[in-house]
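For this chain, numbers begin at 1 and follow the sequence in order. This one's a predicted model, so the numbers in the text were calculated from it and none came from an experiment.
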Amino acid sequence: MIEPKPVATRQIHLPLRPVWCCRLCAQPWPCADARLDLTVSFRHQRVALMLYLATQFVDAISDLHVYDAALGPPPDVRSIFERIMCWAPADRPGSREGA
């Protein structure tokens with residue numbers, strides 16, 4: 001009988017630096033699976049999620065600026081900001097940090 005793998009053994013969709021695509025699916029990071037993983041990991045901790053994403057954004061800008069310098073114009077900071085920072089779920093009414 002085939003059984004599903006436990007969630008704990010599921011591979012995490014992490015960024016491949018310096019190109020900032022997903023290590024598992026090669027989509028721009030954070031891919032849909034990374035977003036789901038982060039939403040679950042940081043549930044009820046929106047501030048911590050936003051701090052984590054902000055750190056990733058700064059690292060991405062730094063990496064992509066150096067990586068893309070040899071390939072052409074500098075990266076579009078706004079599109080990278082929107083990709084990394086703007087997907088996070090909004091606080092729900094009545095939700096509390098740390099609850």
Task: Contacts of Arg17 that satisfy side-chain hydrogen bond (donor to acceptor under 3.5 Å, both in side chains) - sequence neighbours left out - done: Asp63

Open item on the list: Tell me every residue that passes side-chain hydrogen bond (donor to acceptor under 3.5 Å, both in side chains) with Asp33, counting only those two or more places apart in sequence or in another chain.
Closed with: His13

- [ ] Could you pull out the closest heavy-atom pair between Arg83 and Arg35, with the gap in Å?
- [x] O-NH2, 3.3 Å

TODO: Identify the heavy atoms of Arg46 and Pro89 that sit nearest to each other, and give their distance.
DONE: NH1-O, 2.6 Å

Task: Side-chain (Ser62) to main-chain (Val58) donor-acceptor, under 3.5 angstrom - done: no

Check side-chain contact (heavy atoms from CB on, under 4.5 Å) between [X] and all other residues, then give those that pass, not counting sequence neighbours.
X: Tyr52; result: Trp29, Leu38, Phe42, Gln56
X: Ile12; result: Leu14, Asp37
X: Val77; result: Phe57, Ile61
X: Ser41; result: none

TODO: Apply side chain to side chain contact (heavy atoms under 4.5 Å, CB included) to Leu51 and Thr55, showing your working.
DONE: CA-CA 6 Å; Leu51 288 171; Thr55 302; 5.5 Å; no

Rounded to the nearest 0.5 Å, what's the gap from [atom1] on [X] to [atom2] on [Y]? Could you check?
X: Trp20; Y: Ile80; atom1: CH2; atom2: CD1; value: 10.0 Å
X: Thr39; Y: Gln45; atom1: OG1; atom2: CD; value: 12.5 Å
X: Glu82; Y: Arg78; atom1: CD; atom2: CZ; value: 5.0 Å
X: Asp76; Y: Phe81; atom1: CG; atom2: CZ; value: 12.5 Å

